[in-house]
Amino acid sequence: MSRRSFEFDRIRTAAVVVPGVLALALTGCSSGESAAQETPEAQETTASDGSPSDSAHPASDAPAEGEMRVTLLGTGSPVPSTERYGMSTLVQANGLNLVFDAGRGATVRLTQAGVPVGQVDAVFLTHFHSDHINGLSDLWMSSYVPALGGREGAFQLYGPVGVRNIGDGMQSTYRNDIDVRVADKEVDPATTPIESHEFAEDGVVFDQDGVTVTMFTVEHDPVGAIQPAVGYRVDYAGKSVLISGDTVPTENVLKFGEGVDVLVHEVADFEDPSALPSVYAHHTNPQQAGDIFEQTQPKMAVYSHIVNGIPGRVPGISDEMLVERTRENYDGPLTVGTDLMTFLITGDEVRVDS
């Protein structure tokens, strides 16, 4: 039996998810069997403004021992959107809440997910473009206010060289907020510092309670101008998650992504593939992503940081078209992510909840 067949046999229900639709794909069923019908559980719950609601969310409960959960806090691009907030991903394992990137609205999405911001154990940055860090100061400051976060101890920030400059800069910029809250005896000064952990080389950057985070270099542009740019792999109890960061197709994603349970990859596409070549030169299109998924064979491939058109300027494409273009090179489990979608990694499957 080939590795690919073996992987598919291990997945009882390999879901292909687009907003409002849940269909079975590649489950080992015969061609005559029909796809599952849409169910109430497959529907995304939305608030009156169209955003995911504040109702109970799986992330509010820690996954069981030996399991991991991935929650897409923000799946968007730099384009301001009320539906797709800025790039941010929560990984929960063995009682730890780890956040990767903190784009616009990360604090709001954590709150909606039922995770108190004071219980975020560490934040990891992939690179320093504004759409990946413009929610960072909000997350940090909200988490030291007792009524909002109540963090104990310093804010833990990880990433490549340059992270310390960001941490120090935020503390300088918002010194007035810290000083008045401490003087007013609202905030414990021990909770306000940012402890920055920056790394110049690829390798394990976090190892706590059986959870390891490995940082690896990626390529965000064709000439190496955008440096640093990294991705991360999280491992716990034989389970794994890879977050690509912003990147063109790069060997390190194949190296670190082979056989992971969940592979969260960025993607960019437009109705006209010849539109905005500069954007395509800095990101991965769905055909290229399909080739990456085909080579790495994750239990679940997931799209996030979805660059899909520019309102009023460049038409995007539907999620169905995004899947169709990916299918040119890949026919395995695939999810087009939406904000607050979660993936529970158990012993033998990946369960998708929207």
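Sequential numbering from 1 along the given sequence is applied to the chain's residues.
In terms of heavy-atom proximity, V267 sits nearest to P286 at CG2-N, 3.8 Å. Of all the heavy atoms in I166 and L136, the pair that sits closest is CG2-CD2, 3.9 Å. Between P298 and L263, the shortest heavy-atom contact is CB-CB, 3.9 Å. The two residues P193 and A190 have their closest heavy-atom pair at CD-O, 3.4 Å. Contact detail for R104 and P78: the closest heavy-atom pair is NH1-O, 3.6 Å. In terms of heavy atoms, A102 sits closest to L139 at CB-CD2, 4.5 Å.
I226 and F100 are not part of a single hydrophobic cluster, where members link through side-chain heavy atoms under 4.5 Å apart. Side-chain heavy atoms closer than 4.5 Å link hydrophobic residues (I, L, V, M, F, W, Y) into clusters, and following such links, possibly through other members, connects V260 to L254. Cluster membership for F293 and V248, using ILVMFWY side-chain heavy atoms within less than 4.5 angstrom, is not shared. Hydrophobic clustering (side-chain heavy atoms under 4.5 Å, transitive across Ile, Leu, Val, Met, Phe, Trp, Tyr) groups V234 together with V70. Neither V307 nor F128 shares a network with the other; the hydrophobic side chains, linked directly or stepwise wherever heavy atoms of I, L, V, M, F, W or Y lie under 4.5 Å apart, form separate groups for each.
Within the model, atoms CD of Q171 and OG of S137 stand 12.0 Å from one another, a figure rounded to the nearest 0.5 Å. With values rounded to the nearest 0.5 angstrom, L110 atom CG is found 9.0 Å from T71 atom OG1. From R327, atom CZ reaches atom CG of L322 across 10.5 Å, with rounding to the nearest 0.5 Å. With values rounded to the nearest 0.5 angstrom, H265 atom NE2 is found 11.5 Å from S304 atom OG. Of the inter-residue distances, the one linking Q92 atom CD with T342 atom OG1 reads 9.0 Å to the nearest 0.5 angstrom. From H129, atom NE2 reaches atom CG of D101 across 12.0 Å, with rounding to the nearest 0.5 Å.
Side chain of E266 to main chain of T284: a donor-acceptor pair is present (N/O by atom type, distance under 3.5 Å, no hydrogens or angles). Under a 3.5 Å cut-off, the side chain of Q295 and the backbone N or O of I292 do not form any donor-acceptor pair. The backbone N or O of G169 lies less than 3.5 Å from no partner atom in the side chain of S172, so there is not a single donor-acceptor pair. Judged purely by atom type and a 3.5 angstrom limit, D184 has no side-chain atom pairing as donor or acceptor with the backbone of E186. Judged by distance alone, with hydrogens and angles left aside, the side-chain atoms of D269 form no donor-acceptor pair with the main-chain N or O of N285 at under 3.5 Å.
Atom CD of Q208 has more than 12 neighbouring heavy atoms from other residues, nucleotides or ligands inside a 6.0 Å radius.
Side-chain atoms of L73 and T89, non-hydrogen and from C-beta on, never get closer than 4.5 Å to each other. Contact check for L98 versus D121: side-chain heavy atoms found under the 4.5 Å cut-off. For the pair Q297 and E258, the minimum side-chain heavy-atom distance is 4.5 Å or more. Looking only at side-chain heavy atoms (C-beta outward), D353 and M341 stay at 4.5 Å or farther from each other. Two residues are said to be in side-chain contact when any heavy atoms from C-beta on lie closer than 4.5 Å; H197 and Q156 meet this criterion. A heavy-atom distance below 4.5 Å is not found between the side chains of K299 and P333. By the 4.5 Å heavy-atom criterion applied to side chains, Y174 and M141 are counted as neighbours. Between M170 and W140, some side-chain heavy-atom pair lies under the 4.5 Å cut-off.
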Task: Derivation and outcome, side-chain contact (heavy atoms from CB on, under 4.5 Å), residues M215 and V213 - done: CA-CA 7 Å; M215 184 183 80; V213 179; over 6 Å; no
Open item on the list: Pair R109, L72 - check side-chain contact (heavy atoms from CB on, under 4.5 Å), show working.
Closed with: CA-CA 9 Å; R109 290 298 194 225; L72 306 180; over 6 Å; no
TODO: Kindly indicate, with the supporting measurements, whether the criterion side-chain contact (heavy atoms from CB on, under 4.5 Å) is fulfilled by E67 and L344.
DONE: CA-CA 7 Å; E67 298 181 347; L344 181 66; 3.7 Å; yes
Open item on the list: Using the rule given for side chain to side chain donor-acceptor pair (under 3.5 Å), can you reason through T326 versus Y303, listing the C-alpha separation, both sets of side-chain angles and the distance that settles it, and then say yes or no?
Closed with: CA-CA 11 Å; T326 307; Y303 278 139; 2.7 Å; yes
Open item on the list: Please evaluate residues D261 and K239 with respect to the criterion salt bridge (Lys or Arg N to Asp or Glu O under 4.0 Å), reporting the C-alpha separation (whole Å), side-chain torsions for both, the decisive distance (0.1 Å), and the verdict.
Closed with: CA-CA 6 Å; D261 291 288; K239 298 165 185 62; over 6 Å; no
TODO: In sequence, state the C-alpha distance, the side-chain angles, and the governing distance for S240 and R233, and then conclude on side-chain contact (heavy atoms from CB on, under 4.5 Å).
DONE: CA-CA 7 Å; S240 53; R233 173 171 169 149; 3.6 Å; yes
Task: Test log, rule side chain to side chain donor-acceptor pair (under 3.5 Å), inputs Q287 and N329 - done: CA-CA 6 Å; Q287 290 88 348; N329 293 323; over 6 Å; no
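Side-chain polar atoms of T250 and N252 form no donor-acceptor pair below 3.5 angstrom. In this model, no donor atom of one side chain and acceptor atom of the other lie less than 3.5 Å apart for Y236 and D209. Side-chain polar atoms of S130 and N134 form no donor-acceptor pair below 3.5 angstrom. Side-chain contact, T191 with R151: no donor N or O sits under 3.5 Å from an acceptor N or O. A donor atom on one side chain and an acceptor atom on the other are not found under 3.5 Å apart for Y232 and S244. Between the side chains of T212 and D207, no donor N or O sits under 3.5 Å from an acceptor N or O.
Taking the centre of each ring, H283 and H305 come in below the 6.0 Å mark. Aromatic pair F206/F124: centroids less than 6.0 angstrom apart.
The aromatic rings of F216 and F256 sit parallel, their planes meeting at an angle under 30°, below the 60° perpendicular limit. Ring pair F199/Y158 is parallel by interplanar angle, where below 30° counts as parallel and above 60° as perpendicular.
Listed by first and then second residue, the salt bridge (charged side-chain N to carboxylate O under 4.0 Å, His left out) pairs involving residues 156-177 are R164-E198, R175-D179, D177-R181 (not counting sequence neighbours).
Applying the side-chain hydrogen bond (donor to acceptor under 3.5 Å, both in side chains) test between H220 and each of D246, T126, T247 identifies D246 as the sole match. For the side-chain contact (heavy atoms from CB on, under 4.5 Å) with E271, the qualifying choice from I317, N308, V314 is I317, the only one to do so.
Partners of N165 under the side-chain hydrogen bond (donor to acceptor under 3.5 Å, both in side chains) rule, at least two apart in sequence or in another chain, do not exist in this structure.
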